[in-house]
Amino acid sequence: MAGDNVKHLSDKDFEATINGATPTLVDFWAPWCGPCKAIGPMVEELANEYAGKVVVAKMNVDENPTTPGKFGIRAIPTMILFKGGKVVDQVTGAVGKTQLVAMLGKAL
Amino acid sequence: MSDYQLIIVGGGPTGLAAGLYAARARLKCVLLEKGVPGGQVLTTDWIDNYPGFPEGISGAELIDRMTAQAKRFELEIRSGAVVTGMELAGPVKTLTLEDGTTLTAQAVILATGARPNKLNVPGERELAGKGVSYCATCDGPFFRDQEIAVIGGGNTAIQEAVYLTRFASKVTVIHRRGELRATRIVQEQAFANKKIEFIWNSSVTAIEGAAGVENLRLRDNDGKESTLPVQGIFVLIGIIANNEILPAEQLEMAEGFIQTDREMRTNLPGVLGAGDICYKEVRQVINGAGEGAVAAMSAEHYLAGL
């Protein structure tokens, strides 16, 4: 089923995930954000295509206020790519798949 | 033989309406969208001026419905299809995609739309996403109980200033003129709102802050400078054309927008322009969709005459 490969993160399991051995792309989103909704299917596609290579995750900023605050996120959608717990790259706005694929390349 | 009879470039309300009409005309047609269908309307919280929705509708919901309607008539929509070049002058139109492949068609509808203008002042790029925003719906909730500024005096700016008072403790509207351009009912809502203040006849010259926005540097029309402490700034000062992929040497343009006639025809046979990319005064969802329909029917007429 679509979206099965997307991991839904909370403030609780965020650290453990980004500190893991596999690079992690986190899509910070909220239900009230139109562009977030629009890029949803693309994020699911990436999760399927990069299964095993990159953990593609989503975090609802409404339900998880701590983590977005920690990274100074004040606009969504924001996507941050982590490797070994460190930020490799980040982008804000409804970007195209090509740009995200190029971004993922930086962690592989 | 061309790949398609018609290619529609752009998947906002205009492109989706064009696609709906083209699909119902049974044209061999594809809609190319660089991201996913939606366009600028996705950044709108609530649309109260699109007929048929007496309670209003969110931008995202409207797009979902338009997409579903076009798909019901089997419109082919390609998301993530980034066009990088166009050859539109001859009878066969060739579009080059990012991956190097090409698509050909006998007719093309250009519905590439527009995007928010930037202030182009120091600090804007550095603090984008850290307090500088172009989408009130997306980012408003991050400014709960904080003081923010809205730049602009048109419909979008004033409507979103009112929306932002749901979150912010104070919203200062900064406008370079002494009166608003927004439509009357929107102005009335803003003037009646106690959380909204106005700074007239002034422009932003710089955005300052370390980890996030802290101050705006302002200059009024007499040259007097001042500083406004805010945690957020929403830049809603109109739009610029998404014209980078259009062949400027072939298409007749004005101020970066496409010149069309009433049937949405450009100077090139078989090439139509529709929606926000057109040179015109009024850019609303309703006339974008209307122009999409006209463009599709003009394309149908053109194809029938070949």
Side-chain angles (χ1 to χ4, degrees), chain A residues 2-3 26-50 56 58-81 87 89-105, chain B residues 11-12 33-47 58-64 67 77 79-84 97-99 115-116 125 127-144 146 148 163 166-167 209-213 231-234:
Chain A
V26 185
D27 169 18
F28 294 90
W29 72 286
W32 33 259
C33 160
C36 299
K37 203 175 157 195
I39 63 166
M42 185 183 72
V43 172
E44 283 174 11
E45 267 176 45
L46 285 175
N48 295 336
E49 289 166 22
Y50 284 82
V56 176
K58 296 178 75 128
M59 176 176 267
N60 182 328
V61 300
D62 259 358
E63 293 166 2
N64 303 286
T66 313
T67 308
K70 204 169 137 192
F71 290 92
I73 293 171
R74 313 197 77 180
I76 50 172
T78 285
M79 263 151 293
I80 305 185
L81 179 63
V87 176
D89 201 359
Q90 76 178 71
V91 63
T92 298
V95 295
K97 191 173 173 183
T98 323
Q99 196 178 337
L100 281 181
V101 167
M103 190 167 140
L104 291 180
Chain B
E33 161 55 47
K34 67 176 187 301
V36 288
Q40 286 197 105
V41 68
L42 290 178
T43 65
T44 310
D45 161 51
W46 203 249
I47 299 170
S58 76
E61 173 75 14
L62 184 61
I63 288 299
D64 278 354
T67 306
I77 298 177
S79 295
V82 180
V83 176
T84 54
L97 301 182
E98 197 175 36
D99 61 6
R115 61 180 180 275
R125 198 159 53 100
L127 294 165
K130 295 170 181 165
V132 177
S133 172
Y134 305 89
C135 175
T137 325
C138 310
D139 307 333
F142 289 103
F143 298 90
R144 240 172 260 278
Q146 299 181 19
I148 60 173
Y163 169 75
R166 291 191 206 177
F167 313 104
V213 172
Q231 281 100 57
I233 166 174
F234 289 80

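Reminder, nothing fancy here: chain letters follow the sequence lines and each chain counts from 1.
- For the pair A:Lys37/B:Asp64, a side-chain contact is recorded, criterion being any heavy-atom separation below 4.5 Å from C-beta on.
- Of all the heavy atoms in B:Asp139 and A:Trp32, the pair that sits closest is N-CZ3, 4.5 Å.
- Within the 4.5 angstrom heavy-atom criterion, no atom of B:Glu33 approaches chain A.
- Taking chain A as the reference chain and counting heavy-atom pairs below 4.5 Å, the highest number among B:Ser133, B:Ala60, B:Cys138, B:Ala128 is found for B:Cys138.
- Using a 4.5 Å cut-off between heavy atoms, A:Lys97 does not touch chain B at all.
- Under a 3.5 Å cut-off, the side chain of A:Arg74 and the backbone N or O of B:Gln231 do form a donor-acceptor pair.
- A heavy-atom distance below 4.5 Å is not found between the side chains of A:Pro41 and B:Ser79.
- Both the backbone and the side chain of B:Thr137 have a heavy atom closer than 4.5 Å to some heavy atom of chain A.
- Ranking B:Gly59, B:Ser58, B:Gly129 against chain A, the residue ahead of the rest is B:Gly129, based on heavy-atom pairs under 4.5 Å.
- Separating the CD atom in A:Gln99 from the NZ atom in B:Lys34 is a distance of 11.5 Å, to the nearest 0.5 Å.
- The nearest pair of heavy atoms linking B:Phe142 to A:Val61 is CZ-CG2, 4.0 Å.
- Heavy-atom pairs under 4.5 Å with chain B peak, among A:Pro68, A:Gly34, A:Ala75, A:Pro77, at A:Ala75.
- Within the 4.5 angstrom heavy-atom criterion, no atom of B:Asp99 approaches chain A.
- Heavy-atom distances place no part of A:Ala30 under 4.5 Å from chain B, backbone and side chain included.
- Around NZ of A:Lys58, the count of heavy atoms belonging to other residues, nucleotides or ligands within 6.0 Å exceeds 12.
- Residues forming a ring pair (Phe, Tyr, Trp, His ring centres under 6.0 Å) with B:Phe143 (at least two apart in sequence, or on another chain): B:Phe234.
- Of the residues considered (A:Asp62, A:Thr98, A:Val95), A:Thr98 shows the highest number of contacts with chain B, using heavy-atom pairs under 4.5 Å.
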